[in-house]
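Each remark here refers to the structure printed beneath this line.
Throughout, protein chains are lettered first and strands after them, A, B, ... in sequence-line order, and every chain is numbered starting at 1.
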Amino acid sequence: MKYKSQKVAYWFFALSMLLVSLQIIYGFIMGFAHMGFDNLHELIPFNTARAVHTNLLVVWLLSGFMGAAYYIIPEEAEEELVSVKLAYVQLISLAIVGVIAVVGYHFNYWEGRKFLEIPRPLDWLVVVNVLTFLGIILATLFKGKKRTTTAMVLTMGLVFAALLYLPGMIWFDNQTMDSFFRWWVVHLWVEGVWELIMGGILSFLLIKITGVDREVIEKWLYVIVGLTFISGILGTGHHYYYIGAGKTWLLVGGIFSALEPLAFLGMALFAVAMYRKGEKKHPNKIALNWTLGTAIVSFVGAGLLGLAHTLPQVNMYTHGTLVTAMHGHLAFWGAYAMINLAIISYTLPNLTGRKLYDSNRGALAFWLSNIGMLGMTVAFGVAGVAQVYMERIMGVEFGEVQKEIQVHFFILICCATMFTTGIILYIAEFVKYGTPSDEALVAAA
Amino acid sequence: MLSKSQAKTFFLGGTVVTFAVFLGLSWNTLSKEVPKRTHEENLTPQVVRGKKIWEANNCMGCHTILGEGAYYAPELTKVYERRGEGYIKAALMSPVPWSPRGRKMVAYNMPEQDAADVVAFLKWIGETDLNGFPAKHKYNTTPNTK
Ligand code: HEM
Ligand code: HEM
Ligand SMILES: [Fe+2]
């Protein structure tokens, strides 16, 4: 750790660890409900569990991204953050907004729009929070000595993510319009600007871990984010096939979304190639695992499993089934959960001055969580495909089909248990590292 | 070999061009396609009230509509056609969790007026031109009960 203000990152990461634990608990509630055990129905109905599960996911990922930016920007810009105090205020207000939202979901205080359940009055608090965050980052960059491509791509991703949140706040009477703009947030985030954030963090990690020349890494970063936008922006059309938005999107969305995996393929090839080219001397093998892991698993979860249902002919049958949940899990995990765990694993030794990076526990956390998540993906996938055939092709009623596929949720729960064991080990490791200290700063210098 | 500045141009140029096309297509969709396909002339105040109830209760947290939402409860885009008004009202006005097939819905115990608003919303949704979604089944294994 070269800059004292980087310490603030630790607390954003700690918030992420807390929220991911809660997210998983609500995941289990839904898994059991799908299996037929909805004993908590009166207290936590399925829609509450779901809103909490997905919103906690988004908040812990964002908290991780913010922590990553607070760590990366000072180092890249060679400048301390302009205000550490404000960064702590921003952290606390983020936590407060999150808590109010999640508690509200238990008392029917929400807006039933998938992923955007946060009520509009609270949205304004989110806006203020994010503006504070961006203010700190931009002012630091502006004051700093250097503006590297890595820092610029990361910052661009964060700024665009904030801008794209706004269309999701407009009210429409027409459900189709509502849905149309909901995708400007949901799709253009995960298949657009969040890939810039991921690319920026990945590039930072590769520069640090492999020691390959920055110019080479950043050149490929441009190519990857170029592919992302060229395919991803018009690829939004794959959500416009069947919502009343017209026929043009069948063609445009079909073609461009089918190109989206290229960006993820690029990311995977890029990470592996840089690793091969690099000197393989960096001692933090756990961070390396997560870094290569995120590039590869995101290609499988987002790229391949996205491609599996993105053509209109297929999506006609899979649209809004458990097939989507299969893809959603591995994509979010591979791309955005793993990139967060990668940057956390990389920064912890630097922040705390403790070098626990060849512990067995860290490696076990990596393998158990990944194999567990892969198993969950298969369970969702089998359930989803069975659902598609029975409900959409054979015409069996929804409720009857769900009874037939309950057994797959038993498998889901088994794999989720393995996954959760991995996450518990990861968090145990996080706790063992302890809190950041200025001694670490001295040691590093 | 590709240089860094060429790579940057590829990124910026590609982004600007595709984004411009995207805005153009979106404009066309929103101004021409959506009003026609959703029959905006039928979007009455009652339908809007129904939509508000739909959102205030997060029905999308269990159901899908237009294929979007959760995978825990039936797709509702065509529910008006499939079940009819009486059945839907019964589900919404039930004082105990509605669950003829075992899985529980929240017991909304809705006043008749609110239930009628939701029915109006679901009827309107069902008339949207969705490019053929949901696909017609190849077989008809369980006859639908009204
Ligand atoms: C990291 C990147 C990605 C993430 C996190 C992600 C996540 C998700 C999620 C959560 C949904 C459900 C959204 C909703 O219904 O509100 C979804 C839907 C979808 N995704 Fe992705 N996705 C990613 C990349 C991709 C890519 C690259 C493709 C195509 C090649 C793709 C194709 C699709 C399609 C076609 C749907 C609609 C499914 C339906 O009709 O129900 N996704 N994705
Ligand atoms: C470990 C235990 C977990 C279990 C048992 C679990 C289970 C579930 C279930 C049952 C659903 C609801 C599907 C429905 O609507 O019927 C769901 C939704 C979702 N979960 Fe999880 N989950 C877990 C962990 C995670 C993790 C770690 C992530 C992210 C990395 C995640 C991301 C999501 C997303 C994005 C959705 C929405 C999917 C969609 O709408 O297509 N879940 N989860
Ligand atoms: Fe998408």
Side-chain angles (χ1 to χ4, degrees), chain A residues 30 33-34 36 38 41 45-48 50-51 108 110-114 117 173-177 179-180 215 218-220 222-223 225-226 229-230 233-234 236 240-250 252 316-317 319-322 324-325 392-400 402-403, chain B residues 2-4 7-8 10-11 14-15 18-19 21-22 25-26 28-30 33-34 37-38 40 43 48 51 54-62 64-75 97 100-104 106 125 128-135 137-142 144:
Chain A
M30 288 192 288
H34 266 283
D38 61 347
H41 175 80
F46 191 88
N47 54 348
T48 296
R50 191 183 216 281
N108 215 22
W110 49 19
E111 284 169 7
R113 302 156 73 228
K114 187 178 182 185
E117 287 92 349
D173 287 345
N174 188 322
Q175 183 69 25
T176 296
M177 303 272 261
S179 166
F180 191 91
E215 287 303 299
E218 290 181 340
K219 173 175 85 182
W220 292 110
Y222 271 133
V223 174
V225 294
F229 275 162
I230 289 173
I233 295 175
L234 287 167
T236 316
Y240 295 163
Y241 299 154
Y242 306 120
I243 63 164
K247 281 211 162 30
T248 338
W249 297 109
L250 294 173
V252 175
M316 169 69 104
Y317 291 93
H319 184 42
T321 63
L322 288 162
T324 310
R392 302 273 166 104
I393 296 177
M394 304 296 290
V396 181
E397 277 220 20
F398 181 93
E400 304 301 324
Q402 294 296 312
K403 281 185 202 134
Chain B
L2 183 81
S3 73
K4 191 171 169 185
K8 187 175 180 180
F10 167 74
F11 165 57
T15 304
T18 48
F19 194 61
V21 176
F22 180 66
L25 288 174
S26 294
N28 177 59
T29 297
L30 296 171
E33 296 283 347
V34 174
R37 286 170 172 267
T38 62
E40 230 169 33
L43 193 65
V48 176
K51 178 173 185 274
W54 170 264
E55 281 192 12
N57 293 295
N58 191 13
C59 309
M60 230 194 201
C62 289
T64 48
I65 193 160
L66 305 179
E68 291 175 15
Y71 321 121
Y72 188 65
E75 219 309 316
R101 292 165 198 82
R103 207 172 258 181
K104 289 197 197 83
V106 173
I125 280 280
T128 308
D129 176 355
L130 298 176
N131 288 336
F133 178 83
H137 312 139
K138 284 223 180 79
Y139 311 92
N140 211 355
T141 317
T142 11
N144 285 334

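With a 4.5 Å cut-off on non-hydrogen atoms, B/Ser3 touches chain A through its backbone but not through its side chain. Looking at A/Ala325, both its backbone and its side chain come within 4.5 Å of chain B, counting heavy atoms on both sides. In this structure, the portion of B/Pro97 lying under 4.5 Å from any heavy atom of chain A is its side chain and not its backbone. Heavy atoms of B/Ala56 lying under 4.5 Å from chain A belong exclusively to its backbone. In this structure, the portions of B/Thr15 lying under 4.5 Å from any heavy atom of chain A include both its backbone and its side chain. When heavy atoms are compared at a cutoff of 4.5 Å, B/Leu25 approaches chain A by way of both its backbone and its side chain. Only the backbone of B/Asp129 comes within contact range of chain A, with heavy atoms under 4.5 Å apart. Contact of A/His319 with chain B is made through backbone and side chain together, with heavy-atom distances under 4.5 Å. Looking at A/Arg50, the atoms closer than 4.5 Å to chain B (heavy atoms on both sides) all sit in the side chain, from C-beta outward. Heavy atoms of A/Tyr222 lying under 4.5 Å from chain B belong to its backbone as well as its side chain.
Of the listed residues (B/Thr64, B/Val106, B/Thr29), the greatest number of heavy-atom pairs within a distance under 4.5 Å of chain A belongs to B/Thr29. When the candidates A/Leu322, A/Thr324, A/Thr176, A/Asn174 are compared by the number of heavy-atom contacts under 4.5 Å with chain B, A/Asn174 comes out ahead. Per-residue counts of heavy-atom pairs under 4.5 Å with chain B were compared for A/Thr236, A/Leu250, A/Asn108; the largest is that of A/Asn108. The choice from B/Asn57, B/Val21, B/Leu2 that makes the most heavy-atom pairs within less than 4.5 Å of chain A is B/Asn57. Considering only heavy-atom pairs separated by less than 4.5 Å from chain B, the leading option among A/Ile243, A/Thr248, A/Val252 is A/Ile243. Between chain A and the options B/Ile65, B/Val34, B/Thr128, B/Ile125, heavy-atom pairs under 4.5 Å are most frequent for B/Val34. In terms of non-hydrogen atom pairs under 4.5 Å with chain A, the most contact-rich of B/Gly102, B/Ala73, B/Pro134 is B/Ala73. Note on B/Pro74, B/Cys62, B/Ser26: by heavy-atom pairs under 4.5 Å with chain A, the leading option is B/Pro74.
Surrounding NZ of B/Lys8 are at most 12 heavy atoms belonging to other residues, nucleotides or ligands under 6.0 Å away. Around atom CZ of B/Phe19, no more than 12 heavy atoms belonging to other residues, nucleotides or ligands sit under 6.0 Å away.
A heavy-atom distance below 4.5 Å is found between the side chains of A/His34 and A/Phe46.
Taking the six-membered ring where the residue is Trp, A/Phe180 and A/Trp249 present perpendicular rings, their angle passing 60° and hence far from 30°.
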(request) Go through the steps for B/Asn131 and B/Arg37 under the test side chain to side chain contact (heavy atoms under 4.5 Å, CB included), then give the verdict. (result) CA-CA 10 Å; B/Asn131 288 336; B/Arg37 286 170 172 267; 3.1 Å; yes
(request) Evaluate the side chain to side chain contact (heavy atoms under 4.5 Å, CB included) criterion for residues B/Glu75 and B/Phe133: first the C-alpha distance (whole Å), next the side-chain angles of each, then the deciding distance (0.1 Å), finally the verdict. (result) CA-CA 11 Å; B/Glu75 219 309 316; B/Phe133 178 83; 4.2 Å; yes
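Here the closest heavy-atom approach between residue B/Phe10 and residue A/Val223 is recorded as CE2-O, 3.5 Å.
With sequence neighbours excluded, no residue forms a ring-ring contact (aromatic ring centres under 6.0 Å, His included) with B/Tyr71. With sequence neighbours excluded, no residue satisfies ring-ring contact (aromatic ring centres under 6.0 Å, His included) with A/Trp220.
To the nearest 0.5 Å, atoms CE (B/Met60) and CZ (A/Arg113) are separated by 8.5 Å.
Ion pair B/Lys51/B/Glu55 flagged as a salt bridge, since at least one NZ, NE, NH1 or NH2 atom sits closer than 4.0 Å to an Asp/Glu carboxylate oxygen.
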